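Here the structure comes first, spelled out in structure tokens, and everything after it is commentary.
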Amino acid sequence: MAQKKIILTGDRPTGPLHLGHYVGSLINRVKLQDQYKQYVILADVQALTDNYDNPQKVHDNVLQVALDYLAVGIDPQKSTIFIQSMIPQIAELTIFYLNLVTVSRLSRNPTVKTEIAHKGYGESVTAGFLMYPVSQAADITIVKPNLVPVGEDQLPMVEQTNEIVRHFNRLYKKEVFPEVESLIPKMARLVGTDGKTKMSKSHGNAIYLCDDADTVTKKVMGMYTDPNHLKVSDPGAVEDNPVFIYLDAFDPDTAKVQELKDHYARGGLGDVVIKKYLAQVLNTFLEPIRTRRSEFAKDPHMVMDIILKGTEIVQGVAERTMCDVKEAMGIIYT
Ligand code: TRP
């Protein structure tokens, strides 16, 4: 039998997950776990690179993100969820990888560049933050996966991982790691409720999977639409209108969405009406997720047990990978 392909994916536990995470990667993980062997990393060490002053926040969000995973249907029978900081081999592998990457290459990583600008770090960016893509390459390769299903913003990380993999294999003359393929969902990024940038916690424009129905409705009613759509009778723009982008993503009734789009474009359909409809669509979508989440939340010990069991499995895998690494490098001492 051909070996099942291996997947590695994950998130920084800095807050609960939102709709952007859902369309960007959670949706793929739920589907892929049936066909592949899937590892999901709770990347707390990476989260610390910009939250080192608040480890409590990172600690507490490990459980929150795990709850989101279980709530959307990531099944611990099929997927192995684990905690990054409990796999010291990832830190060890990072140190070896750091020799294979230049500082200038790291400062050119587009995702890191954007984050540094957004956070206003400038020259005072820490070494830990600048090198987190290398640590992510270690997260990824520690289980020797073939596939990395991620949102679009993570593509530079996968590219950098493959550069490291190629460099490592060539240098130490052994195919220790396979190159990885990224897998981007059809809607790779979701705009935030402000219609300006992608949905993210730091932009304050997110709808969370754990938001209650009233919160979702309130956020939707405050959403950005077409700024030129002043009167109900005015024709409105459907394109780049976050309300319609969300309807495309979350309303299974595509015929109805098309009808609303046509009506809005013609004029005569008010923002309040489409927003109320969207709120209803989102709440219908989120309701079963919320219910499952609150069920799991009643038993946090069971949830921790699930991720600690997953972590134990990865500890074994990581130990074997590091044996291969050290053997290829010729640094085994007996
Ligand atoms: N960098 C990812 C994010 O910010 C989280 C992450 C850490 C990750 N390690 C990973 C994603 C490995 C995929 C694979 O969301």
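One-based numbering, in listed order, for ligands and for the atoms of each. These figures come from a predicted structure and were not determined experimentally.
Listed by number with element, the atoms of ligand 1 under 4.0 angstrom from any heavy atom of Gly10 are 5 (C), 8 (C), 11 (C), 13 (C). Close contacts between ligand 1 and Leu8 involve ligand atoms 12 (C), 14 (C) [criterion: under 4.0 Å to a heavy atom]. Per-residue contacts place Val150 under 4.0 angstrom from the following atoms of ligand 1 (heavy atoms of the residue considered): 13 (C).
In the model, Asp226 has no side-chain atom that pairs as donor or acceptor with a side-chain atom of Tyr264 under 3.5 Å.
Classification of Arg266 and Asp262 as a salt-bridged pair fails, no side-chain N sitting under 4.0 Å from a carboxylate O. Comment: Lys256 does not engage Asp251 in a salt bridge, judged by the lack of any side-chain N to carboxylate O separation of less than 4.0 angstrom. Look at Glu295 and Lys298 and you find a salt bridge, because one of the NZ, NE, NH1 or NH2 atoms lies within 4.0 Å of a carboxylate O, short of that distance.
Given atom 4 (O) of ligand 1, the protein heavy atom at minimum distance is Arg12 NE, 3.2 Å. Counting only heavy atoms of the protein, atom 15 (O) of ligand 1 lies nearest to Gln154 NE2, 4.1 Å. Protein heavy atom at the shortest distance from atom 5 (C) of ligand 1 is Gln46 OE1, 3.6 Å. Nearest protein neighbour of atom 8 (C) of ligand 1, counting heavy atoms only, is Gln136 NE2, 3.4 Å.
Contacts of Tyr52 classified as ring-ring contact (aromatic ring centres under 6.0 Å, His included), with partners at least two apart in sequence or in another chain: none.
Among Asp139, Asp11, Ile142, the residue whose heavy atom lies nearest to atom 9 (N) of ligand 1 is Asp139.
Distance alone, capped at 3.5 Å, is enough to place a donor-acceptor pair between the Asp234 side chain and the Lys231 backbone.
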